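Read the structure below first, then the notes.
No experiment lies behind these values; they were computed from the predicted model shown.
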Amino acid sequence: MSTTSGSATKQWLHELIEELNDTESAIKKGGGEKRIEKQHSKGKLTARERIEKLTDPDSDFFELGLWAGYEMYEEEGGCPSGGVVTGVGKVSGRDCMIVANDATVKAGAWFPITAKKNLRAQEIAIENHIPLIYLVDSAGVYLPMQDEIFPDKEHFGRMFRNNAVISAKGIPQIAAIMGSCVAGGAYLPIMSDEALIVDGTGSVFLAGSYLVKAAIGENVDNETLGGATTHTEISGVTDYKMEDDDEALETIRDLVDKLGPYETAGFNRKEAKDPKRPPADVFDILPESRTSPYDMYELLDCIVDADTFTEFKKGYGQTLITGYARIDGWSVGIVANQRTVNRTKQGEMQIGGVIYSDSADKAARFIMNCNQKKIPIIFLQDVTGFMIGKRSEHGGIIKDGAKMVNAVSNSTVPKITIVVGNSYGAGNYAMCGRAYDPRFMYAWPTAKIAVMSGASASKTLMQIQVAAMKKKGKEVSEEEQQEIMKEISDRYDTQTDVRYAAARLWVDGIINPTETRQRISKSIACANLNPDIPEFKTGVMQT
């Protein structure tokens, strides 16, 4: 997440971004300088150095899941970036998903979050038909946590199942064994279409020499057991014997350069225009207070190509903005929460950030239109939820909300979600949160994801706790109530922080608001690589 020069009046946002940048720099060092030096002493590059050499010069590497594992597993010594680097980069002019084990973090061992991050990378590759490149350097499952990573559906083994599925779909997979590749993990490179192995540092076997000795009493060294010579000249397990990391990476570039033709979805794109306002103006628009109103139209002016926005049902359901636009030349549909207070023609005041029956109805119809026209949809979230209360319930808010959720759930065109601010409750669902399969999902530093706002949750939880204490005959003073409230509030604030969400891969990354256009454009370019758009059906729709 790069820095930018926005308005000095928005110093709070600049400071937040600088803080995140500093943390990101530390995360990118993986296990730290000493372990990086140890990697170099073995004649090996680090994961990030390998990616830099693999990708095209002067191209951007769009990293995904950088914050994975942040402040998790601290009792185990931490797991920066989940011990693996993933992202989309240009290799010989072709967009590829790159998955590189970081051997400076616990020798590249797999923690639960490592499995989740690897599976997310494969999911993106499957959804978008992006070739996969695995740079393997891993000691395998982190044994002290094997029960949380080994047996379940979304655990370690799912990755090898995905290898087979990806290959069956005709999506190229190339793996380079550049370090250890042990036990079940040995299947990953060998289930890829082609496998390279680096002589002297790469090794692949189901069991290392110590386990072989313990299990069957055979004395054999690791190189003889599963080194490059063994697997390229005796077993035939691998396809290319490489002298060092550099040769392996150059060979991968050569293999990608010779890939055959591919189809695209053919999403509409014209020559890009700059937005009406500079992207840095976002810093002038966003208020520091999460409850303060602001005009989402002004944010859109910083994101969409100038003079390309055609609004759908402008005067109806005004707490949601829907319309067609171009972003970096790509034709898109936009569903965005409006944060200003509006008054309907019937005189009803509608609070910004809240989804009402009319706005849900409008959004459902617009999403169906985008599917009819094969137009990707961009969701810009700053939502506090659906409107509650007698008037809304009697007006059928649940029915209209269900209609919108149905349309989002069954939408087959690519969906890309940006969490600008709040992402609370069922609003997260209706605005295409993680559970609703956005192709990519990013968050601004200002994002918060939770079942409800911290203030509402803290009050509710405090009342429940105090009521329980009173039931037991304990009198609770005002001071004690405030202490309980603060404890709950602090915990809730931690859990709703964008870093907490990114650590658990609820979003693919935290991005600087000024990078939004670039990220959306790259996401659509990736989605365009998959020509298959299933037929759109909603099933029974509440009316």
Query raised in the report: Please walk me through it: do Ile511 and Trp444 pass side chain to side chain contact (heavy atoms under 4.5 Å, CB included)?
Result: CA-CA 5 Å; Ile511 62 170; Trp444 287 5; 3.9 Å; yes
Requested in this report: Give the C-alpha distance, both sets of side-chain angles, the deciding distance and a yes or no for salt bridge (charged side-chain N to carboxylate O under 4.0 Å, His left out) between Asp152 and Arg158.
Outcome: CA-CA 8 Å; Asp152 212 344; Arg158 185 76 173 184; over 6 Å; no
Side-chain ([X]) to main-chain ([Y]) donor-acceptor, under 3.5 angstrom:
X	Y	answer
Arg253	Leu249	no
Asp137	Ala103	no
Thr496	Ala450	no
His231	Ile197	no
Asp56	Gly93	yes
Ser81	Leu66	yes
Asn528	Gly266	yes
Gln39	Thr104	no
Gln381	Met431	yes
Asn118	Thr114	yes

Query raised in the report: So Asn268 and Ser331, side-chain hydrogen bond (donor to acceptor under 3.5 Å, both in side chains) or not? Walk me through it.
Result: CA-CA 5 Å; Asn268 184 321; Ser331 169; 5.0 Å; no
**Report entry** From CA spacing to verdict: ring pair (Phe, Tyr, Trp, His ring centres under 6.0 Å), Phe156, Tyr142
**Finding:** CA-CA 11 Å; Phe156 190 59; Tyr142 184 62; over 10 Å; no
Closest non-hydrogen atom pair, [X] against [Y]:
X	Y	result
Ile355	Ala430	CD1-CB, 4.2 Å
Ser192	Asn163	OG-ND2, 4.3 Å
Gly108	Asn101	O-ND2, 4.4 Å
Val408	Tyr436	CG1-CB, 4.0 Å
Phe536	Asn410	CD1-O, 3.2 Å
Pro531	His129	CD-ND1, 3.8 Å

Query - Lys116, Lys117, Arg120 screened by salt bridge (charged side-chain N to carboxylate O under 4.0 Å, His left out) with Asp508, the one that passes - result: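 That would be Arg120; it is the only one of Lys116, Lys117, Arg120 passing the salt bridge (charged side-chain N to carboxylate O under 4.0 Å, His left out) with Asp508.
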Using 4.0 Å as the upper bound for N to carboxylate O, is an ion pair formed by [Y] and [X]?
X	Y	result
Arg517	Asp305	yes
Asp328	Lys522	no
Asp254	Lys258	yes
Lys273	Asp307	no
Lys415	Glu127	no

Can you tell me how far the [atom1] atom of [X] sits from the [atom2] atom of [Y], to the nearest 0.5 Å?
X	Y	atom1	atom2	answer
Leu286	Asp382	CG	CG	8.0 Å
Glu250	Ser92	CD	OG	7.5 Å
Tyr262	Asn530	OH	CG	13.0 Å
Cys96	Leu54	SG	CG	7.5 Å
Leu380	Ile418	CG	CD1	6.5 Å
Ile166	Arg161	CD1	CZ	9.0 Å

Requested in this report: Mark yes or no: Arg269 above the aromatic ring of Phe267, with NZ or CZ under 6.0 Å from the six-membered ring centre and no more than 45 degrees from the axis.
Outcome: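 No; the conditions do not both hold, so Arg269 does not lie above the ring face of Phe267.
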Report task. Check the pair Cys526, Ile124 against side chain to side chain contact (heavy atoms under 4.5 Å, CB included), reporting the backbone distance first and the verdict last. Result -> CA-CA 9 Å; Cys526 288; Ile124 291 171; over 6 Å; no
Query - Minimum side-chain heavy-atom gap Ile377-Asn371 below 4.5 Å - result: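 SC-SC contact between Ile377 and Asn371 confirmed.
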Query raised in the report: Mind checking whether Met145 and Trp110 have side chains closer than 4.5 Å, heavy atoms only?
Result: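 No, side chains not in contact.
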Side chains of [X] and [Y]: is there a donor and an acceptor less than 3.5 Å apart?
X	Y	result
Glu247	Tyr240	no
Arg519	Tyr442	yes
Asn428	Ser423	yes

Report task. Show your working on side chain to side chain contact (heavy atoms under 4.5 Å, CB included) between Ile375 and Val413 and close with a plain yes or no. Result -> CA-CA 7 Å; Ile375 298 174; Val413 295; over 6 Å; no
Report task. List the steps, then state whether side-chain hydrogen bond (donor to acceptor under 3.5 Å, both in side chains) holds for Trp67 with Thr23. Result -> CA-CA 9 Å; Trp67 288 82; Thr23 306; over 6 Å; no
Query - side-chain hydrogen bond (donor to acceptor under 3.5 Å, both in side chains) assessment of Asp193 paired with Ser167 - result: CA-CA 7 Å; Asp193 302 332; Ser167 186; 3.1 Å; yes
Residues, nucleotides or ligands: over 12 heavy atoms within 6.0 Å of [X] [atom1]:
X	atom1	result
Glu311	CD	yes
Glu76	CD	yes
Arg277	CZ	yes
Glu154	CD	yes
Phe150	CZ	no
Glu271	CD	no
Lys29	NZ	no

Query raised in the report: Do Lys241 and Thr229 pass the side-chain hydrogen bond (donor to acceptor under 3.5 Å, both in side chains) test, and can you show the C-alpha distance, the side-chain angles, and the key distance before you say yes or no?
Result: CA-CA 7 Å; Lys241 182 179 178 180; Thr229 299; 3.0 Å; yes
**Report entry** Thr322/Arg365 under side chain to side chain contact (heavy atoms under 4.5 Å, CB included): CA gap, chis, key distance, verdict
**Finding:** CA-CA 10 Å; Thr322 55; Arg365 169 71 182 280; over 6 Å; no
**Report entry** Aromatic ring pairing Tyr324/Phe312, orientation class (parallel under 30°, perpendicular over 60°, tilted between)
**Finding:**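 It falls in the perpendicular class, over 60°.
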